[in-house]
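Structure record follows, encoded as structure tokens.
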Amino acid sequence: MKGVVFNILEEMVETNYGMEVWNDILDEAKQTEGIFIAGQSYADETLFKFVEIICEKLEQPTGVVVQAFGEFMFDGLVQRHKVLMENMTELDGFLKSIDSIIHVEVGKLYVDPNLPTIECFDHDSGKMTMRYRSPRKLCPLAEGLIRGAAVHFGKKINVEHKTCMHKGADHCDLEIEYL
Amino acid sequence: MSEDAYKRAFKREKMARLEAEQLLENKSRELYLSSQQLSNAHEELKKNHTELVTQQSALVKNEKLASIGLLSAGVAHEINNPLAFVNSNLDMLDSYWKAMFSLYQAIEPLLNSSDISDEQKSALKELIEEQDLEYISEDFKTLFEDTQDGLIRVTNIVQNLQHFSRIHDEDWDYVDINASLESTLKIINHQVKNSLCDIKLDFNCKELVWCNLGELNQVFLNLLQNAIHAMEDTPTKLLTIGTKEQAGNVLIQITDTGYGIKKENYQKIFDPFFTTKTVGQGTGLGLYISYKIVKDHNGDINIASEPDKGSQFTISLPIKKAS
């Protein structure tokens, strides 16, 4: 996982709960000094450990915390990569361009970014399914990011997790309804 | 120092870090794009280099072929002259032999007749035995046919060399392809007989075809001879020659049950001087010239072959003259 994800997680904790809480989490994790460089790769387990500690502290299930982080992370990424959002004017177009534009641009910045693959399918009903595939199975993070994107573009959406890798499928289907 | 002062300093540091990361990202992006450009330029250079190497090798090949062409033309010309009188002399020798042989056939019965004296019979018998005339009369035919066969081969080689050096006439007309195939078969009749192969003719083309008959005959000769050679050691020996019309073209198919052509040789068999025959058995020009002649006719040659099963050469030629 790239350091930028850790940086944004730190920001989220500091913003909502204060610097002390983040320090406590680092102490509890006992895995790192807490120095994360945006472009550097770090073990996925470290991030999962942080999330686990946060869940314990907040007494919230993992899915809820990860999703909330996803929402927060979207804004953090936009602040850091404004250039990528320059030509994005609406949510649907943005979501459909993640694999073909955003991930390609990210590939220019980071070596081996280990990005998930994303496919989008439109339905006659106006809904759209986003198919997510990643060995990390971070579908709640993807859902949070989608929600974060909706906030960014000022759109209201409903997201339904129809198929899930955590339930044995080889991909996740996130059905998005524009309200 | 107050807590607020630390917070302000922390925020400044954080902003500085974000700006530094931004700078790094911009540089990374620039680096990526430069690397892409370099990579593209490298690919382009590689492509150009490959093209240059190919062109260079083609140039060298052309140069070699031009030299060989000049040499071939010279050799063909030099051989052609003696070949003409050897051919003509051989025809004369054949007629002389026939005359002498008829004399021998007339004399031989005298040995058992009462028209000549016993002394004369004895002298005649002695002469026949001394000169081995009985054996000669039997062996001559084989010797003569082999010599003719050899001359045909030499003539073919010379013709091939002449074609290779682009010495050919421009005699075009509408021609009966079936008759042309039959006449070519007659030329190599002796080889066909020796090869013990069966011939199946399947002529279905009714149209006259616009072609240079002299050149096309050479194509047929090359393909038929190759087919016969290919079946020298195979148990089944069937040579099928077929013609048919298809979409304004005539298809001439020569199929043998020989040892076939290896797939890796498909591309090479039309190259000049490529041959799988042993030295002295083939010049490697036959198919090259055949290919050139067919291409000059705006046609095409296709091969279908299976090792140890046989080969099929399909010549496709436009029936009508191109307008």
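Labels below follow one simple rule: chain letters A, B, ... track the order of the sequence lines, proteins then strands, and each chain is numbered from 1.
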Could you look at [X] and say if it's the side chain, the backbone, both or neither that has a heavy atom under 4.5 Å from chain A?
X	result
B:L24	neither
B:K14	side chain
B:E21	side chain

Is B:L18 close to A:Q79 at the side-chain level, that is, under 4.5 Å between some pair of heavy atoms? no
So A:M19 and B:Y6, do their side chains get closer than 4.5 Å, heavy atoms only?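 Heavy-atom side-chain distance check fails, nothing below 4.5 Å.
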Using every non-hydrogen atom in the two residues, find where A:N7 and B:R17 come nearest and quote the distance to one decimal.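 Closest approach of A:N7 to B:R17, heavy atoms only: ND2-NH2, 2.7 Å.
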Within 6.0 angstrom of B:Y291 OH, more than 12 heavy atoms from elsewhere: no
Using a cut-off of 6.0 Å, state whether more than 12 heavy atoms not belonging to A:N87 lie near its atom CG. no
Rounded to the nearest 0.5 Å, the NZ atom of A:K82 sits from the CD atom of B:Q22 at a distance of 7.5 Å
